[in-house]
Each structure stands twice: as structure tokens, then as C-alpha cells.
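For ligands, and for the atoms within them, numbers begin at 1 and follow the listed sequence.
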Amino acid sequence: MPVQWVVEDPKEKNVWWPSEEMKKRAWVSDPKIYEEAARDRVAFWEKLAGEGLEWFKRWEKAYEWNPPYVKWFIGGKLNASYNAVDRHVKAGKGNKRAVIWVPEPPQEEPRVLTYNELFLQVNKFANVLKSLGVKRGDRVGIYLPMIPELYPAILACSRIGAPHTVVFSAFAPDALRVRLEDSEAKVLITCDGYYRRGKLTDLKSNADEAIKGTKVEKMVVVRRAGNEVRMERGRDFWWHELMEKADPWCPPEHMDSEDMLFLLYTSGTTGRPKGVIHTTGGYLTQAYWTARWVFDLHDDDLFWCTSDIGWVTGHTYACYGPLLNGATLLVYEGAPDYPAPDRFWEIIEKFRVTIFYTAPTAIRMFVKWGEEWVKKHDLSSLRLLGTVGEPIDRETWLWYFKNIGGGRCPITDTWWQTETGGTLIMSLPGIGPFIPTVAGRPFPGAQMEIVDEEGNPTDSGYLVQVPPIVPGMLRGLYKADEKYRETYWLRYNYRYYFPSDGAIRTLYGCIRVTGRVDDVMKVAGHRLSTAEVEDALNTHPFVTESAVVPRPHDLKGEVPVAYVVLKEGRTPSKELEAELKALVRERIGPIAVPEEILFVPDLPKTRSGKIMRRILKALLINAPVGDTTTLLNPEAVEALKQVLASRKAQG
Ligand code: ATP
Ligand code: MG
């Protein structure tokens, strides 16, 4: 019998708590940790920084706040790659697996990188970068799919103190170019090509196209797919050729705690992506401890975070966090439905994955494919599930809990942003509670509050972070001071960090994040979150997913309009529309009832899988749709336009 990691709340429906087994195993199971951290948050983080990382030199001052700029562990010296690799090797864990890599083509063999192997490759590639003229402080672009070379590439940058800027490999040349221009990267690391659903993508051609007119002088190309590529002499170099000649030892640069570790662009859900700066000491401290406590990482765990390295989730939980902990990561190259929709479950079964962390958009897809695919596999190795990226609706949460977690595993719904570096609101596995649609409590040492327009505490309003802001927070937007102030600090006059998300205080003092503030509607004087209405719609058995946006209304200010995607084989009808409206009326009340329900084939999403509500909103009022470079499925926008046009034609 697999271990039961959760128990049901005796009184509340759909609330779970850690079982005794979970509490016993967990790093933290005593809720006193919250008070202890709150007593002196700077001292708390100092303790964590000292215990979690190895510093070449200890800091002189822990925290400095010149609003809106923060510094942590000032004067401290350390190196990210040393902490992620060297110290595990030194501790005799060199033969432990750091990365288990699963290629997409099912006939290809998985590859394993032990900490020893990773150590050698990081050192060699650090020397390669140096030989290409990369110096401390230079930015290096990384445009790679999920292949093993990613790890030495990233860690070699941090070894020599060159901030990396990773760009999602499925971005088109234009999107890559914008980021390379902004970051002024000198070198770009890419590969010949890769497989997605069995189809080859020629990445090198994209890179060739993207670097035109940028400051990129050299490219290193990993041979992955073996497709024919054009190499420009003096500019392009094969990874394996450079590595063959490289020296196996490169001393780690002693970086200042506040030196930039990486630059990463946000997903672009709300507009043009922002270049977020993360520094070394603070980010690593938070990555280490959140990975350890939130995912309850132990030596015998196998952690699979399905996020691409192109997003912050990939940086913190598919790279730095677990490696800093000396853990083993599972990395999969390809699509979840290749060759069949059970590929993920097959991987979990085969490798005995214990922690699985994914996004609501992926789970909604699994729901659509059906539980038959899951049932074919033994998922009893799983101990903990996680989700991140968007609010998750109750039906999807419960499906995940029951079908993937077998009703045994807690789900930690982790709220955070590219800007926060690590997750900030969640339920810790040994403490709980685990409640659908509810993220949980602020991580110990973080103070997150819900405030009203004026900044006064309330139970339903805007989410804010109260300084001292946590060490892993962004240190600004690259070359955009004004934008940084405007986006996060002016709203509450430097008193709070404002993430632009709405929140509600719910059961057991937990926080439910309701979505972006611009996704909040004001209907006849009532504040209504779009997520809540979507939640209600999604409980209908015919609905796959929905997106609700406000439309201006003469009398009520705004009214909700719903875009609804139906399950395969279900067709729109007047009756269904009436049923859906009744469902919302019954669950939330008459003001929340969508004025109109639009049945559409698909919703526009970012490449990170998030619904782009701003486009849905713009379409309703015939406004321009704005920046669409981060859009995954431009064809969905065309289809929506047709639905709207035909509706107009019908009057
Ligand atoms: P951009 O800032 O460019 O518009 P983005 O906000 O989508 O893009 P990310 O930093 O990847 O870029 O996403 C952070 C946002 O995702 C949060 O501000 C929040 O709106 C949403 N989010 C993340 N995790 C959760 C969660 N567990 N519950 C609810 N919302 C979440
Ligand atoms: Mg954002």
C-alpha cells in the first residue's frame, strides 16, 4: 500500500492536512516557524543564507533598503556554480545523479549527468566561454531546448560571473532578437535543432536570423538533432569541438552577493516582456530554501518540474533550487502527448518520480485527454504535487488530486512571479492545509498582505509584499528604472511591493490569489474576480476551459462576458448557454452571470500557457490587440474574430 501523505479535514469538505507520515518526513512541520520568522525577518534570512549556502566571505551587512532598491548580504562573496555543484562533489556526493534526461524520441536512450560529470562539464565550458572572450559581467544568451547541455551552459556562466539570459527555445527569431538587443549579449549558445512531437525544429536558422543587427559576436552550437546547419567560420563553433580541447578546471569567480546572476524576461501576458534582474546571494538563498521546504526535497527524491528553462520556474525549480540542494532532477525534452497522451505518466512510472510540479494549463489538457491515459500507469511513487502559473480552478485541482495524486498526495499551489525569484505563497507539505484554488500562507520570512485601494488591510483586495522584501526579489528592470518604479512601487507610494494580483483571505487565514488586478471586474459596484466566474463555469461537465473578461456597460460599469471552450464532441446550444448562466447564478449570484457566452474553439495563450485576457477584452470592444510576440497560437485570435463577427451578423 502506498503511503497516505494527506488526511481529510474532519469538518470541512475539500480540505486536506498532512498525515502523520508526511509530518514525520517533512523538513518543517511545526507552524511556529511562521512566528519565529516574523519576529525578525532580516535575522531569519541571515540564518538561512548562512546555513544554506557556502560563502567565500561572509557579508558585512544583511539588508539595505533605499526604496525601491533593496540589497541583501552586502559584502558577501560566493559563487552559484560552486554552491550548485562543487560542494556536493567535495562532500563525496559526486556519483549522485544530478540530472536524468529523457529525450523525446522514445527509441533514444535517457542520459544521466552525475554531479561529477556536471562538475567537469561546467568547468570546461566556463573555460570555453573565457576563450571566446566572455568576461565577468558580460551577458550570455542561451537559446536551448531541454537538453542536458543546458546545465553546464547555465552554470558555466555563473561560474565566471557572466549573467545568463535564457530565451525560450520555441520563441521565434523576432522574440529572441528583442531580448538579445535589450540584454546586449555577446555570445549566444544554441543547438542545431530539436524534436517536438517528432517534428524537427531548425533552431540554428532561427538563431542566425535573430542575431542580425545585435551585439552577438560568437555562437556555440550544440549538436542535438544532427540536422544540417550552416556554420559561419570565425563566428560559429561546435560545442563538442570546443569542449574537447577545454581545460578541466576553472576557478569559480568570487562574486559579490549583489552581482547580477541572470536576466530573465517575464512571460508577456500583460504586454511587452520586462527584463527582470536577479542577483546572486539573495536569489540563491531563496532558491535553496524554497526548493527544500516547499517541495520537501530529500536525498532520495526525484524531482520533476515540467517548466521549460525559458521561464523563471525552470530557472528556480528545474535548475538552481534542486541543484543547490544536491537533489536529482528529471528533465524531459519533449511534448506531453508524444508519442501518446500518456508520455508523462509513463515517465513518472518508469523513473519513479516522487515530486511533480506543473502548470494549470497542462493539467487542463490532461483532463481533456481523459483519465484512461493515467490509469494505464502506476503513479504510486508520487509523494507531492505542485502547480504554478495561473489560478487553478476547483475542478482541475480535484482532478489532479484524485487522478495523478491518487488522493494520497498534497498539492501545493505555489504563487509567485518572475520578479519574486522563488515561490512566496503556498502550503508547506508538512503543515498544510491543501485546499482547491487556495495558495496558502506566505513563505516564512515573507510578509504578504491583502490591502484596499488606500493600502489598508482588508480580506479581499490587492496582494502586496511588505518590506523588508525577501532576498530573492528582483533588483530592478534592466535599463528601465522608471518602468520598475511605475510597475511595482508607485501604486502604494513605495510602501509596498505591488505584484498586480488580487487576493482574498479564506479558510485558516490562507490566501486565495484571484488573478491579475486587471482581471478584476467592477459590476454594479461589486468587485468580482474573473477567476471566480470561470471556476463556476468549469464545473459544468461539458466545459474544458473558460475565460471571463469585463465589457464596458452604460449602467453597471462593467459586465462579465465568457469565452467557453467545450469538450470534444460537445456542441454549443441555447440550452447549454442557459445552463451555464444558471450555474453561475447559483454558485456566485446574479451579478456574476455573464451577459454573453461565446463558444470558441480555443483561447489565445502565451507560450508559457497562460490565457491572454487582454486580447479577449480588446476583441470585445474592437480595440487593437497589442503586442502578440509572446502569443503561442495566433490562429486562435483569428478564430475568435470570426465567432464575434458571425454573432454580430446574427444581431
Ligand atoms: P507579464 O508580467 O509579462 O505580463 P506574467 O505575469 O504572466 O507576464 P510570470 O512572472 O511568469 O509572467 O507570471 C507571474 C504571474 O502569474 C503572477 O503575477 C500571477 O498573476 C500568476 N500566477 C503565478 N502563480 C500563480 C498561482 N499559483 N495562482 C494564481 N496566479 C498565479
Ligand atoms: Mg507579471
#### Entry: Nitrogen or oxygen of T266 less than 3.5 angstrom from that of ligand 1
yes

## Note on the structure
Only residue of K610, E390, R614 satisfying side chain to side chain contact (heavy atoms under 4.5 Å, CB included) with R516 is K610

### Summary
Residue, atom and distance of the protein heavy atom nearest atom 4 (O) of ligand 1 read T270 OG1, 2.5 Å

### Task
Provide the number and element of each atom of ligand 1 under 4.0 Å from a heavy atom of P391.
28 (N), 29 (C), 30 (N)

### Proximity flag S608 to ligand 1, non-hydrogen atoms under 4.0 Å
no

### Query
What residue and heavy atom of the protein are closest to atom 21 (C) of ligand 1, and at what distance?
G389 O, 3.2 Å

### Query
When you measure from atom 7 (O) of ligand 1 to every protein heavy atom, which one gives the shortest distance, and what is it?
T269 OG1, 2.5 Å

### Query
Between R607 and D308, does at least one N-O distance fall below 4.0 Å, as a salt bridge requires?
no

### Task
Measure from NZ or CZ of R139 to the centre of the six-membered ring of Y478 and say whether it is under 6.0 Å with the direction within 45° of the ring axis.
no

### Query
Which residue holds the protein heavy atom closest to atom 12 (O) of ligand 1, what is that atom called, and what is the gap in Å?
S267 OG, 3.2 Å

### Message
Does only the side chain of I392 get under 4.0 Å from ligand 1, or the backbone, or both, or neither? Count heavy atoms.
### Response
neither

### Candidate list R394, R512, R587, test salt bridge (charged side-chain N to carboxylate O under 4.0 Å, His left out), partner D535, passing option
R512

### Query
Should the ring pair F344 and F356 be called parallel, tilted or perpendicular, given that the plane angle runs from 0 to 90° and is split at 30 and 60?
perpendicular

### Message
Heavy atoms only: which of K610, R614, E390, K274 lies closest to atom 15 (C) of ligand 1?
### Response
K610

### Ion pair check, R177 and D174, cut-off under 4.0 Å
yes

### Query
Any side-chain donor paired with an acceptor under 3.5 Å for S608 and T606?
yes

## Note on the structure
Under 4.0 Å from one or more heavy atoms of T418, ligand 1 contributes atoms 9 (P), 10 (O), 11 (O)

### Query
With no hydrogens and no angle check, do the side chains of W397 and D413 hold a donor and an acceptor under 3.5 Å apart?
no

### Summary
Quick note on ligand 1: atoms under 4.0 Å from a heavy atom of W416 include exactly 14 (C), 17 (C), 23 (C), 24 (N)

### Task
With rounding to the nearest 0.5 Å, note down the distance linking CD in Q417 to OH in Y488.
7.0 Å

### Query
Does A439 have a heavy atom less than 4.0 Å from any atom of ligand 1?
no

#### Entry: Option with minimal heavy-atom separation from atom 6 (O) of ligand 1, where the choices are R516, Q417, M612
R516

### Query
With atoms numbered from 1 as shown, which atoms in ligand 1 lie under 4.0 angstrom from a non-hydrogen atom of D501?
17 (C), 18 (O), 19 (C), 20 (O)

